[in-house]
Each structure stands twice: as structure tokens, then as C-alpha cells.
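Naming: A, B, ... by sequence-line order, numbering from 1 per chain.
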Number of protein chains: 4
Amino acid sequence: MERKPVDRRRQVIEAAARSFQTFGYKATTMDQIAKLAGVGKGTIYTFFTNKEELFEEIMSGLIAELKEMADKTLRPELPFTDKLMEVLHRLYDYREKHALAVKLAQEVRDIGTPMAREGLDKLELAVVGYIARHVKEAADKGEIKRCDPELTAYVMLKTYLALTAESHHLHKPLNQEEVQAYFRTYWMEGLASR
Amino acid sequence: MERKPVDRRRQVIEAAARSFQTFGYKATTMDQIAKLAGVGKGTIYTFFTNKEELFEEIMSGLIAELKEMADKTLRPELPFTDKLMEVLHRLYDYREKHALAVKLAQEVRDIGTPMAREGLDKLELAVVGYIARHVKEAADKGEIKRCDPELTAYVMLKTYLALTAESHHLHKPLNQEEVQAYFRTYWMEGLASR
Amino acid sequence: MERKPVDRRRQVIEAAARSFQTFGYKATTMDQIAKLAGVGKGTIYTFFTNKEELFEEIMSGLIAELKEMADKTLRPELPFTDKLMEVLHRLYDYREKHALAVKLAQEVRDIGTPMAREGLDKLELAVVGYIARHVKEAADKGEIKRCDPELTAYVMLKTYLALTAESHHLHKPLNQEEVQAYFRTYWMEGLASR
Amino acid sequence: MERKPVDRRRQVIEAAARSFQTFGYKATTMDQIAKLAGVGKGTIYTFFTNKEELFEEIMSGLIAELKEMADKTLRPELPFTDKLMEVLHRLYDYREKHALAVKLAQEVRDIGTPMAREGLDKLELAVVGYIARHVKEAADKGEIKRCDPELTAYVMLKTYLALTAESHHLHKPLNQEEVQAYFRTYWMEGLASR
DNA sequence: TATGAATGAGTTTTCATTCAT
DNA sequence: GATGAATGAAAACTCATTCAT
């Protein structure tokens, strides 16, 4: 019977993801990753040419996961509000990963790793596109007002992220139901008192 | 009379702000700032103890400017929608500076410079508080639905930033009127077709 | 009967020799040798304790071959000029190997692997001694001027290498006849026009 | 009065040259150079982008010095033998530096730093060209036999180096007079006893 | 006061060698 | 035996900070 051959590649990726998320790209040292992963520093270099490539691997992984989520079609018979809720429900499960992606994206964009930007943009496009598709459908069916689907989807995503992953220091963390309730209020009904 | 004694402090701050905005905190070197500012590297250290202090100075400046804006009271007789527009109008003039603040905040948060977080949070609190105050007033007057003013203000801000400063690669830049139109649609009326 | 048990030791030695010659000692990695030899990296270590030992093995091989050549006595009845030509003729066949030896010797001397120096020196001594013996004989017989046989042999060897193995970027490669012709001109007759 | 401002650049270059000469390119570490030069490691990088550039600087210096020597014209009225002696006399003063150049050249050629090869080749060309010019003149004047000046010069140089700088482990060091005596014997008169 | 050359701690990266399979 | 994944010591290089001028 196998002696659980410890997947070092996975260990490295997970340690790196954790460290990147916690400390950011620049502040994460290869030593740190190695130690966290419980492997030798050299081991990392057997899998990845350099720090940047390791970073890109992580980004790709995130993108792939999010893409996969985005590709699952929703039950078409549902009304938009419900579909949006389902989309959000799905997004909720990914909000941490997405938060990581966005966070790293931000930093690496600053640092100017141009290769990483593409991946990043692809990621945002995947998620925004995912929402946009459903926004468009709903608009086509007259369920919601006609609007620029991409822009609307983008702003929706930002709203969503504002309610979930980010800045918990400015408001207490909300659970799924609360997030959805706020979202519905803000987006479907509007704040106008009438 | 002095031969225009070039305000070196100002030059340093401006160069630093520009460089931080363009390249981020970590990727901005003191050499770069000095060169951009047209002063010797050592000069920077006559004004600021270290890179972090320089960074904080810039953050403080932003906060002060934004606070100042926030402190100008609005004409109280206006209806909420108009007041919100005026708030947004004012914010619009600061969007670039605010974008810098947010960007740097993000990076420095990642990097884990804990001292900087305070400033950051103060900044966000100032702006969010500014909006929240008006949200609360409007809710009190029954102009809008009752809601958590802080949270609503926070999400509003994010919406606003999504429409203006950020991610111009995902949608074309919008002018002030477009931003306000979208904002009104999303926030006041809601997307529900009825 | 064995399925041609591929002589891994030989393969390693040949790959190493080729790589050492092409890239030098330091720039040759064990990975490279293993790949070139078509064996696993670990295999090399079943034959040789470390890189240096592998290097020494190659040097020894060269020395042995050259010694063997040096030990074949020449027909004593020949005049010195002819004998010298025969010596050169033999050397010509070894010039590539000798070039390798000299090249590696040079580098490893720099690097300061003292153990390798001995081998090196033995090699040069073998070849120089080979020539020197014949120089001495010729001088004894009055065929050539009396001279320090070792030094003369050494300079002869250098001349020979200059004409053959080295620096083909400074002059076009010469074939065996040309080499011998030049050699004779330079060494036997002198440049003096009379 | 100046406090002897210690020319660090020179110190670095000298330490590097010494270390490169003693240990070779690969085996010389930047730490070593720094320590030898009595400066901080970073200081080296204020003068040279990287190790290779430092190496090239040293090579350039050697080339320049040798070029300068080569450019001094000789008294044209002298007979070739005397001129050759003068050339050799001059070379003798540079033999150490030249030895360094050749040694490093050898190693770096192995290592395959293509940029350095050029410099190297230029160096050899400078010196060979210098000798070749005088060989050609002498041949034109009928002082020596007609011969390929470049090739002859090249072989002469090798002979010279064999007599001076290299391989003192194979023969005792020769002083200037001895070198010239041998050189004359070998090159002008030939070994032929008559 | 202003400067920038000098510094070295802290990073990333390489590669000979080991050892479990 | 043969293997190559794993290792870490050692090397190159970066950059915030200092300090003599």
C-alpha cells in the first residue's frame, strides 16, 4: 500500500497561495513558501522556473476554477431574480478565492507583471461575462430594464464583493441570506422610497 | 530676494505620489522618487524618516483633502437625489486621488504595513461617513428607504468607483453625466422593470 | 543472452567528455551529462563519487591514450626531421583529445582543483617528454643544434597546437601537410632569409 | 587637503582582476571581490551592472593597455631581428597582464559568454596584428622569408607565451635575455644544425 | 542643508549530491 | 542497480538607509 506520496507540487501551490493571499506577492519570500509547504527551497524550482511563474500558476488555477463555475448553466426557467440569487449563491462559495485573485491582481498590476495582467483580465471577464449573460437574458425577457449588460454586470460584481469579501473592517461580515437581501434591495427595488 | 528656493518637500511628495500611483508602493524605489523630484536621495530623508513615513504623508494629504471636501455641508434643503448627485459631483473631482488612495491602500494592506492601515481606514471612513450622513438624513426624511447608512454608503462608494476610476479596460470611460445617470438608475430606481 | 546491456559507464564518460569540451568544467552540469548520456543522474554517482572524480577519470583516460602513443618507439634509424614529422603525424590524430585536455586543464587549474593538476601535469609531461626524448636523441646525433630538450619540446608542442587545434578564428584550419610544412619552416630552417 | 578619497572603482577592479586571475571567473564570488577590495558588496554593483560587466571592464582595460603598446611605433630603421626583440621586450612587460587576459579568455570562452569573446578576439587580434605588421615589413624588405604574416605572428606569440608566462611548472622561469635568446634561436636560425 | 556613494541584510536562483523507490 | 525528485548551501543581485562631504 502506498505511503501517501505527499504531492509536493500541490503543497507548494497551496502554501504559495496562502502566503500570497496573506502577505502579498512581494512580501512573500520563496523561503517562506518552502517552509510553509514543508519542502526544500530548491523543490519549488523543480516545478516552477521562478517566483513569477509560480504566481501565474496560482492565478491560472483560480481562473480555471472560476471559469468552470461560470460554465455551469443555470436552470433557464427561473425568473431573473432567482437566477441572480443562484449566481450569487455560487459566487459566494468562491468569494474567498475571488478575493485572493482580486487582491493579487491588484498588487501585481502595480508591480507591472504584464503577463499576469492578461490572466487577471481574463478572470474578471469570465466572471463579469457570466453575470452579463444572465443580465442580458433577463433584459431580453423584459424581466429587468434594458441596460448595458457588461457594465451592469461589472457594477453588480463590485457590489457583491463590497458586501462579502472586502473590507470587513467597515461593516460586520454578512451571511449569505443578508447578502442576498441587501443585493435584492439595492439592485432590484432601488432605494427610492416609493 | 531668494532665487525661488524650490519647495523640495513639495517636489518630493508629488514625485512620490505619482510614482506610488504608477508603480505601486513596493515597486517604487527611493532612487526613482529622488530622480523624479529632481532632488538628491538623501534630501528625502531630511523630510521623512523612511519610505513608510513618506507614504503616510501622502495618505494623510489625501485624507485631509477628502475630509475637507466632506466637511463642506451641502445645502440642506435639496432633495436626497440632488444631494447625492452633488456629493458624487464633488467626489468626481477627487476620483483620481481617491483611486490612488484605494490602490495604495490595497497594496499596502497586502504588504502588511500595519501603520498604514489606520490612515487608510480613516480615509475610507471619512468618505463613507460623508455619504452615510446624507443617506441617513434622507432616510430620516423618508426620501429613501430605511437602511443601514454605513453599509449602504460603502456599497454606493464601490458602485461609484466601479463606474469611474477603476477598470477602464472593462468598459469605456464614462463622463460625469453618464456616471450620474447610471448611478441614479441602479440606486434609486432599481432594475426591476416595473 | 543479455539484451545488449548498454555500457552505461562508457556512455557517461563520453557524454561528460563531450560536454566538458564544449562548455567547460564549471558550466557542465551533472543533469546535462546525464541527459546526454541517456542515463539517470543518479547513475553517474554509481560510477563516480562526484563531479571531480568523473573529470579525473576523463583526464586519466586521455593521459593513458597519450602515454600509449608516446610509448610506441619510433624507428630509430630515421633522421630527426622525419622522426619529428612522424611524431607530429601521431600527435595530429590526438590533437582533438589533446585540445580537450589542455582546455580542461586550463580551466580546472584556474578553479583550483589541486588533485586535477597532477593529472594534468602528468599529461603534459608525458607528451612533452615524448617529444623531448627525440629532441635529445637528435641533438646527441648532431642532427640538430644542442638545446634544452624539455624546453624545446614544450615550445614545439605549443607551436604545434597553435597550428592545429586552437584559435581557428584567427587563421583558417590547416591540413596535415600544411601543418608539417609550416612546422618545418619555422623550426628547422628558421625565418632568416639566408 | 584631500583625505585621499580612496578610489573604490579602482579597488574593485584591482581586486576583481587579482581574484579572476587567481581563481578564475566562476570561482570568483562577488563577496570575495568585495572583501578583497575592502568595500561593500553593493558598491560593486554601483559601478558594474553584474559580474559579467565587471569582467568585461577588466578585459577592456587589458585590451586598451595592450592596444596602446601596439600603437607605439617602432624605430623603422632597425633590422627585423632587433625590432622583433623590441616587440618582445615590450610584450615582456605586459606578459602578466596578457597572461591574465589569455587565462580568463580561455575560461570564459568555455563558459560561453559570447560578449566576452569579442573582446578577447579583439585583444588577440590587436597583439597578433601588431606583430604581423612587423613580420610583413620584414618580409617585404627581404629580411626574412616570405610567409603568412598573421599565421606567423600568431605562432610567434604562442612561442613567446610558452617561454614566458605559461606553465612555469614545466620549465624554470626565464629572464628576458634568455627568452630573447631562445626566441632568436628557434625563430631566426632554425634548429637545423647547419 | 543637500547630496549620492557606500552599505549589507535580505532576496531570488543554481546545482552537486543524496536517497527512497 | 538505476533512477530522478528533493534538497540546501552557496552564489548573484536589490534597495532602503546612512553619513562624510
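Ranking F:dA6, E:dG4, E:dT12 by closeness to the A:Arg8 side chain, first place goes to F:dA6. Nearest to the side-chain atoms of B:Asn50 among the listed nucleotides E:dT17, E:dT13, F:dT17 stands F:dT17. Ranking F:dT7, E:dT12, E:dG10 by closeness to the A:Thr43 side chain, first place goes to F:dT7.
Within the 4.0 angstrom heavy-atom criterion, only backbone atoms of the sugar-phosphate kind lie near D:Lys51; the bases stay farther away. A:Gly40 comes within 4.0 angstrom of the backbone, heavy atoms only, and of no base. Here D:Thr28 lies in heavy-atom contact (under 4.0 Å) with sugar-phosphate atoms only. Using a 4.0 Å heavy-atom distance criterion, A:Phe47 is classed as a sugar-phosphate-only contact.
One can place CG of C:Leu54 at 14 Å from C1' of E:dT17, the figure rounded to the nearest angstrom. For the pair D:Lys35 NZ and F:dA12 P, the computed distance is 12 Å after rounding to whole Å. Across the protein-nucleic acid pair, D:Arg9 atom CZ and E:dG4 atom P stand 18 Å apart, rounded to whole Å.
Remark on DNA chain E: of its neighbouring residues B:Val39 and C:Thr29, the 5'-side contact belongs to B:Val39, judged by nearest-heavy-atom nucleotide. Between C:Thr46 and B:Tyr45, the one whose closest nucleotide on DNA chain F sits nearer the 5' end is C:Thr46. For D:Ile44 and A:Asp31, each mapped to the nucleotide of DNA chain E holding its nearest heavy atom, the one lying further toward the 5' end belongs to D:Ile44. Toward the 5′ end of DNA chain F lies the nearest nucleotide of C:Gly38, the other residue of the pair B:Met30 and C:Gly38 mapping further downstream.
The nearest pair of heavy atoms linking D:Ile58 to D:Ala17 is CD1-N, 3.5 Å. Pairing each heavy atom of A:Arg18 with each of A:Leu36, the nearest pair is NH1-CD2, 3.3 Å. The minimum heavy-atom distance between B:Val12 and B:Phe48, with the atom names listed, is CG1-CE1, 3.9 Å. Shown here for A:Gln32 and A:Ser19, the closest heavy-atom pair between the two residues is OE1-OG, 2.9 Å.
The only member of B:Glu53, B:Glu57, B:Met59 that meets side chain to side chain contact (heavy atoms under 4.5 Å, CB included) when paired with B:Phe55 is B:Met59.
Here the side chains of D:Gln11 and D:Asp7 are not in contact, with every heavy-atom distance at 4.5 Å or above. The shortest side-chain heavy-atom distance between A:Phe47 and A:Arg8 falls under the 4.5 Å cut-off.
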Discussion item. Let's test your reading of the pairing rules: Watson-Crick or G-U wobble, both distances under 3.5 Å, then write DNA chain E as a dot-bracket string with ( ), [ ], | and dots.
Written reply: .||||||||||||||||||||
